[in-house]
There are 2 protein chains.
Amino acid sequence: MPRLKNEEPNTHRTMHVVNHIRSLIENGTLQPGDKIPPEREFARTLKISRASLRTGIGYLAAMGVMKIRHGVGTFVADGPPEFGKASLSLMGALHGFQTWQMFEARIILESHLAALAAERGKEEHHAALAEEVAEMFATLDDPANYLIHDLMFHRIVSQASGNPILAALIETITSALYDKRRKTVERSTDRRESAEMHREIYRAIRARKPVEARKLMDQHLRMAQAAQGMERPSERKPSPAPRSKSARLASLVS
Amino acid sequence: MPRLKNEEPNTHRTMHVVNHIRSLIENGTLQPGDKIPPEREFARTLKISRASLRTGIGYLAAMGVMKIRHGVGTFVADGPPEFGKASLSLMGALHGFQTWQMFEARIILESHLAALAAERGKEEHHAALAEEVAEMFATLDDPANYLIHDLMFHRIVSQASGNPILAALIETITSALYDKRRKTVERSTDRRESAEMHREIYRAIRARKPVEARKLMDQHLRMAQAAQGMERPSERKPSPAPRSKSARLASLVS
DNA sequence: TGTATACTTGTGGTCTGACCTCTAAAAGTA
DNA sequence: TACTTTTAGAGGTCAGACCACAAGTATACA
């Protein structure tokens, strides 16, 4: 009878550090933005070498939980939740992720997010969304700033959805998509049309019409995708055939 | 005006290692399952210290790209794509993720995945799904093995969707959810009902009925959620008031 | 002959302590 | 006051020794 997969406590010291910091976060001792003690001092406290401590901190930093600033200190991440920054990018290199797949994932997630935002959004969110829409119309001729408010709008929708996990997933994908996006030279007419779509989405959310919000967001994102020629190709490269049963089982048991 | 992004070329050596390995993966020199050279030798090749090399490898391992085995070697990950295992768990501790939110994310993602699988699934996937369904019926009285085939069924649906990014997101969430799930003592009648739902999902996918597959998967997952009492509470508990920074720092020296 | 134990080898894990680089704030100077 | 220089403290890197683990190989014993 095969045992079910269970991860190996490979790195004792590393996990010790990770679990220690984890508990500090869980009991509220450490909060987003807080600075942890200097490495030399912290290592002495935990009775481990500085090297091991650094391994653990590096682990946390890789996953976006900690933020290291050379010459300043190490801090608990305080931005919007997001998985390891290079994560998606690296996984893409490893498993051959395509840009259209990122768009597809984003459309699916964010459409639902809009619906949830329409159901659960609070007054603060409505106000913030309205502000961003106004800013978008005010910066139609300023692409750089327009993009900022565009991103902000979507981020607020994520927050309004009341599900930080979905928000974090979106944030990760958007972040990976951002580089490609900034290269697209949007025309002014595109921005006006885009701004008006955002306004409609905002109205649907404020009016608590989940179905409509979802539909509008889906429409908006598909248009944005088309504007960058990132649609799914009609002929996909042949996806790898499913692995044999034995191979599938092998990865499921330890 | 808020700045957009603040890139962090913090760790020169670390990123050097990461980018090097990344390029090795991208040009096909390294493939999933491959072993990288021993640390001492690799460090000499890259003309950096072993410590720095280890920092970079640790970074990749934290994100699930590499797999380190003490006393054996370091390998490129070969399992299903998945973000750092502890990632979601740690982010949860940091941002207060709730179990019902994980379920919600899973339901949304996997329902769509079922629809995509119905659109794009190939013969191999249909065959593999049929096999898993059969195994589920054959192991109704063997909870441990039943669970294996349950997980396998969902994993094949992910593969059949043709979007490895969505599959990776699901895998990450499922992995985090797994611990809680295994504790639930399922009754035999529950398993029979569950197996029949899987069979219906399979039939919808094979018949290429996306809407039906999506609906059935949604229904199945909501039932599974209910079976574990993980529904979204009607009244969410208010987040605890943050302690003062001085108080937090005081208890940091354990 | 066969099996069990001990040894050897190779790999990652940890420690020590010194030195380098970066940042921000203090001190000095015009 | 405003600018420049110095300095203290933080993370980054290095080198080499030694520890711990896993696998294979050789040896000893029954």
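Model, not experiment: these values are computed from the prediction. Every chain is numbered from 1, with letters handed out A, B, ... down the list of sequences.
- Protein atom NZ of A/Lys67 is 16 Å distant from nucleotide atom P of D/dG11, rounded to whole Å.
- The OH atom of A/Tyr59 lies 15.5 Å from the OG1 atom of B/Thr55; values are rounded to the nearest 0.5 Å.
- End-to-end axis angle of the helix from C/dT1-D/dA30 to C/dA30-D/dT1, from C1' rotation axes over five pairs per end: 10° (rounded to 10 degrees).
- Distance CZ/A/Arg106 to CG/B/Leu166: 14.0 Å, rounded to 0.5 Å.
- The aromatic rings of A/His95 and A/Phe97 sit parallel, their planes meeting at an angle under 30°, below the 60° perpendicular limit.
- At whole-Å resolution of the value, CE in B/Met15 and P in D/dG11 are 17 Å apart.
- At whole-Å resolution of the value, NZ in A/Lys35 and C1' in D/dG11 are 10 Å apart.
- Across the protein-nucleic acid pair, B/His70 atom NE2 and D/dC21 atom P stand 7 Å apart, rounded to whole Å.
- A/Ser158 and A/Glu171 are not linked by any side-chain donor-acceptor pair at a separation below 3.5 angstrom, with hydrogens and angles left out of the test.
- Not a single salt bridge (charged side-chain N to carboxylate O under 4.0 Å, His left out) links A/Glu135 to another residue, sequence neighbours left out.
- In summary, the side chains of A/His154 and A/Glu110 do present a donor paired with an acceptor at a separation below 3.5 Å, with no hydrogens or angles considered.
- At least one side-chain heavy atom of B/Met136 sits under 4.5 Å from a side-chain heavy atom of B/Tyr146.
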Taking only nitrogen or oxygen atoms into account, show me every contact under 3.5 Å that the protein makes with nucleotides 14-16 of chain C, one pair per line with its distance.
| from | atom 1 | to | atom 2 | distance (Å) |
| --- | --- | --- | --- | --- |
| C/dT14 | OP1 | A/Arg13 | N | 3.0 |
| C/dC15 | OP1 | A/Arg13 | NE | 3.2 |
| C/dC15 | OP2 | A/Ser49 | N | 3.2 |
| C/dC15 | OP2 | A/Ser49 | OG | 2.7 |
| C/dC15 | OP2 | A/Ser52 | OG | 2.5 |

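- One can place CD1 of A/Ile36 at 18 Å from P of D/dG9, the figure rounded to the nearest angstrom.
- Between A/Thr74 and the phosphate of D/dA10, there is no side-chain N or O to OP1/OP2 separation shorter than 4.0 Å.
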Would you tabulate the nitrogen or oxygen pairs shorter than 3.5 Å linking the protein to nucleotides 7-9 of chain C?
none

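- Here A/Arg22 pairs with A/Glu26, B/Ser89 under the side chain to side chain donor-acceptor pair (under 3.5 Å) rule; sequence neighbours left out.
- For the pair B/Tyr59 OH and D/dT13 C1', the interatomic distance rounds to 19 Å; values are reported in whole Å.
- C/dG10 atom P lies 18 Å from atom CZ of B/Arg69, rounded to whole Å.
- At whole-Å resolution of the value, CZ in A/Arg44 and C1' in D/dG9 are 13 Å apart.
- Using a 3.5 Å distance cut-off with no hydrogens or angles, the side chains of B/Asn163 and B/Ser161 do not pair a donor with an acceptor.
- Scanning atom types as modelled, one donor and one acceptor separated by under 3.5 angstrom connect the side chain of A/Arg40 and the base of D/dG11.
- Annotation: side chain of A/Leu113 is not in contact with side chain of B/Ile108 (no heavy-atom distance under 4.5 Å).
- Contacts of A/Phe153 classified as ring-ring contact (aromatic ring centres under 6.0 Å, His included), with partners at least two apart in sequence or in another chain: A/His198.
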